[in-house]
Trainee: 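Quick one: this structure, given as structure tokens, is what I'll be asking you about.
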Protein chains: 2
Amino acid sequence: MKRLTLKDIAKALNLSVPTISKALSDSHEINKETKEKIVAYSHEHNYQYNALARSLKTGKTNIIGVIVSTISNSFFSQILEGIEESSLFQQYNIIIMQSRENPAIEKKCIDILYSKGVDGILISPVSDRANLNYLEQLHHSDCPIVIFDRINNSVNTFKIGIDNKKAAKRATQELIDRNYRNILHITGLANGVTNERLTGFQEALKQNKIIFDETLLLRCDLSQIQIVEQQILSKLKELEKEQHRPDAIFTATDLLTNRTIGLLAQQKIKIPEQIALIGFSNTNYAFSFNPPLTCVSQPAKNIGKLAFEKMIYILECRLKKREIVYETIELDADITIRESI
Amino acid sequence: MKRLTLKDIAKALNLSVPTISKALSDSHEINKETKEKIVAYSHEHNYQYNALARSLKTGKTNIIGVIVSTISNSFFSQILEGIEESSLFQQYNIIIMQSRENPAIEKKCIDILYSKGVDGILISPVSDRANLNYLEQLHHSDCPIVIFDRINNSVNTFKIGIDNKKAAKRATQELIDRNYRNILHITGLANGVTNERLTGFQEALKQNKIIFDETLLLRCDLSQIQIVEQQILSKLKELEKEQHRPDAIFTATDLLTNRTIGLLAQQKIKIPEQIALIGFSNTNYAFSFNPPLTCVSQPAKNIGKLAFEKMIYILECRLKKREIVYETIELDADITIRESI
DNA sequence: CTGTTAGCGCATTCAG
DNA sequence: CTGAATGCGCTAACAG
């Protein structure tokens, strides 16, 4: 069984191709009875229009490309769910690609999406530099870009994320309010998001007249889980040895929070009695942790939803030749108090 | 800046469109120097071929469609990661869609993917019936199908999943070996996968001469999380009241495992001292749970990888007009022993 | 109301 | 080695 085309239907019903096309798009130009005949036939034979041909003709694919670093990261998968949900609603589809924290792969993803003729690209960029010029250039030609999550850059478009500094500051303040003073901050290697969180952490300390202690800062290489665990463990041991055990830990990413809680359990260090823990975490599992985790969770699904909606807005404006005023939207992250601090 | 086409390049270099086309695909027909000139120009101006036009011409999109029920479910997001990884390797791209456990949406997803001209579809079908005839029909025409995860159906194609009965039987046996006898099985409403797990559970009981007790079976409506929690709670209370508290729980899905562990903590029921717990769980977080969770975890990423590879195999065979012998591959699920039983 | 013509961008004949 | 002609399936402009 080969794929049915307008031509096939036209031949079968002794009509012309454009007539079929118009009938199926419910044009008022077509006689009611012929229309019904055509619709009936095409339903019966399960006609599906060829989106490639249509897009080639119309210049519109109704596909939005999405680039994240890792699909299975729960933060991103929640964003993706938000995007997918909105896209369904708007008759759009999405192509998802993974940049794997690698600028070269990211470039390739962008190129592929562009060659597929996506109507726009939603992206959480790998780095603060790398492909940003390229994205800017695309955005100002025929492929609009909306940036989410990692919004600390100069691209002139819509950017949706959270106020990381503020969220980190609040989390730190929660610890300080409970009289924790020696707070170990565990974060990733330099990148926009974690840097902002570090700043928030430091500001909270300063505001409370606590002097920032370099030894209470650990930067982990997040690319390999074993290295992360090893780094955290040796930091804990180092501090232990110097009789400088922190009374609380603030972890800057989901992964770090997760591993830290597991490692503390393994070392039989009781949370929060011996060390308190607050962290960024976007899993639904935080309440099942040991103990139930107090955490900062980002409105991930909503970030996805907003990013998608802004894209649609751009596409509409361009269609109607309307001026666009870009904004950067920083949503608030929730702090959920449970039992770990 | 408008998109560059072959025509633009041809005009700029005073050559014809076919010459450019051939040069860029590195055809031996083209003179080395002209080729270099063309390649240089197209690089400099960042030419990206129009995949729509190419696909329309060649009849191949190099896109594989993937349909899962929910992207953010960690089991599926791991499968997706496996698929994406393999697809990158093979120069394919994937379009991911969510069926949301709804046959009507599933049908729509299939139609959209077909209309986009995907070269094939990987799917974890919503139900054991619903769209299976349709899938079978597509598979035998021009859009091959590979089924993963929910493979308990009669479609004649490659099917990749795990042996659910076997895995459930092993998990149950682990409990029995530790002398738990009153085991509560919490599962979803009827579907292929959970039914098989139930069968495995019952077989293990039978083999150990334990009589299956209807009151120790709870079927939850997984579509709403609140309902799930309420159902579990009232079951626990009911059993409590009848002085029939189970000594162990076996949960059949990731979601159920997660909520159960949280609820038990909330009710101050100690695991495993008061009730032991083993469950299907595909999160990386199991070891951070309260207590670290003994669980059955499926080789999700590998399921995705295999499903994709089988699809490529089908496409190759069809191209070379080779006979295909379909198989159903049931991978083994690992049981990781931690501290909850 | 229906049909004719044209062209989206590309790859694939086949001439020259 | 290069170019002219053709068509993938569809829609849009126009003619009848």
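Residue numbers begin at 1 in each chain, while the letters A, B, ... track the order of the sequences.
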Trainee: Have B:Tyr41 and B:Asp8 got a donor and an acceptor in their side chains that come within less than 3.5 Å?
Mentor: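 B:Tyr41 vs B:Asp8: no donor-acceptor pair found between side chains.
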
Trainee: With a 4.0 Å cut-off on heavy atoms, is A:Ser55 in touch with a base, just the backbone sugar-phosphate, or nothing at all?
Mentor: nothing

Trainee: Does any part of the side chain of A:Leu135, heavy atoms only, come nearer than 4.5 Å to the side chain of A:Leu132, both counted from C-beta?
Mentor: yes

Trainee: From NZ of A:Lys37 over to P of C:dT2, roughly how many Å is that when rounded to an integer?
Mentor: 9 Å

Trainee: Using 0.5 Å steps for rounding, measure from the CG atom of B:Leu6 to the CD1 atom of B:Ile38.
Mentor: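 Those atoms lie 9.5 Å apart.
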
Trainee: In whole angstroms, how far is the C1' atom of D:dA4 from the CD1 atom of B:Ile20?
Mentor: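 Whole-Å distance recorded here is 15 Å.
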
Trainee: Specify the separation, in whole Å, of atom CG of A:Asn14 and atom C1' of C:dT2.
Mentor: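 Whole-Å distance recorded here is 13 Å.
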
Trainee: Quick one: B:Lys11 NZ to C:dC10 C1', roughly how many Å, whole number?
Mentor: 16 Å

Trainee: So, does A:Gln48 use its side chain to make a donor-acceptor pair with the main chain of B:Tyr114 at under 3.5 Å?
Mentor: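 Not at all, since once roles are kept as given, no pair shorter than 3.5 Å links the two residues.
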
Trainee: For a quick test of reading the model: is some side-chain N or O of B:Thr19 closer than 4.0 Å to OP1 or OP2 of D:dG3?
Mentor: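 Answer is yes, contact under 4.0 Å.
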
Trainee: Send over the distance from B:His28 NE2 to D:dT2 P, rounded to a whole Å.
Mentor: 13 Å

Trainee: Show the distances under 3.5 angstrom between N or O atoms of the protein and N or O atoms of nucleotides 8-11 of chain D.
Mentor:
residue: D:dG9; atom: N2; partner: A:Ala53; partner atom: O; Å: 3.3
residue: D:dC10; atom: OP1; partner: A:Tyr47; partner atom: OH; Å: 2.4
residue: D:dC10; atom: OP1; partner: A:Asn50; partner atom: N; Å: 3.3
residue: D:dC10; atom: OP2; partner: A:Leu6; partner atom: N; Å: 2.6
residue: D:dT11; atom: OP1; partner: A:Arg54; partner atom: NE; Å: 2.7
residue: D:dT11; atom: OP1; partner: A:Arg54; partner atom: NH2; Å: 3.2
residue: D:dT11; atom: OP2; partner: A:Ser21; partner atom: OG; Å: 2.7
residue: D:dT11; atom: O2; partner: A:Lys57; partner atom: NZ; Å: 3.2

Trainee: Rounded to the Å, how far apart are B:Ile30 CD1 and C:dT12 P?
Mentor: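 Value for this atom pair: 13 Å.
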
Trainee: Return the CD1 to CD1 distance between B:Ile71 and A:Ile94, rounded to the nearest 0.5 Å.
Mentor: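 Output value for this atom pair is 5.5 Å.
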
Trainee: What nucleic acid atoms does A:Ser25 come within less than 4.0 Å of, heavy atoms only: base, sugar-phosphate, or nothing?
Mentor: nothing

Trainee: Once you round it to whole Å, what is the distance between P of C:dA11 and NZ of B:Lys60?
Mentor: 14 Å

Trainee: What is the distance, rounded to the nearest whole Å, between atom NZ of A:Lys35 and atom P of C:dC1?
Mentor: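 After rounding, the gap between these two atoms is 9 Å.
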
Trainee: Can you tell me how far apart CG (A:Asn46) and CZ (A:Arg3) are? Round to the nearest 0.5 Å.
Mentor: 10.0 Å

Trainee: Which heavy atom of A:Ala300 sits nearest to which heavy atom of A:Gln78, and what is that distance?
Mentor: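 For A:Ala300 and A:Gln78, the tightest heavy-atom pair comes out as CB-CB, 3.6 Å.
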
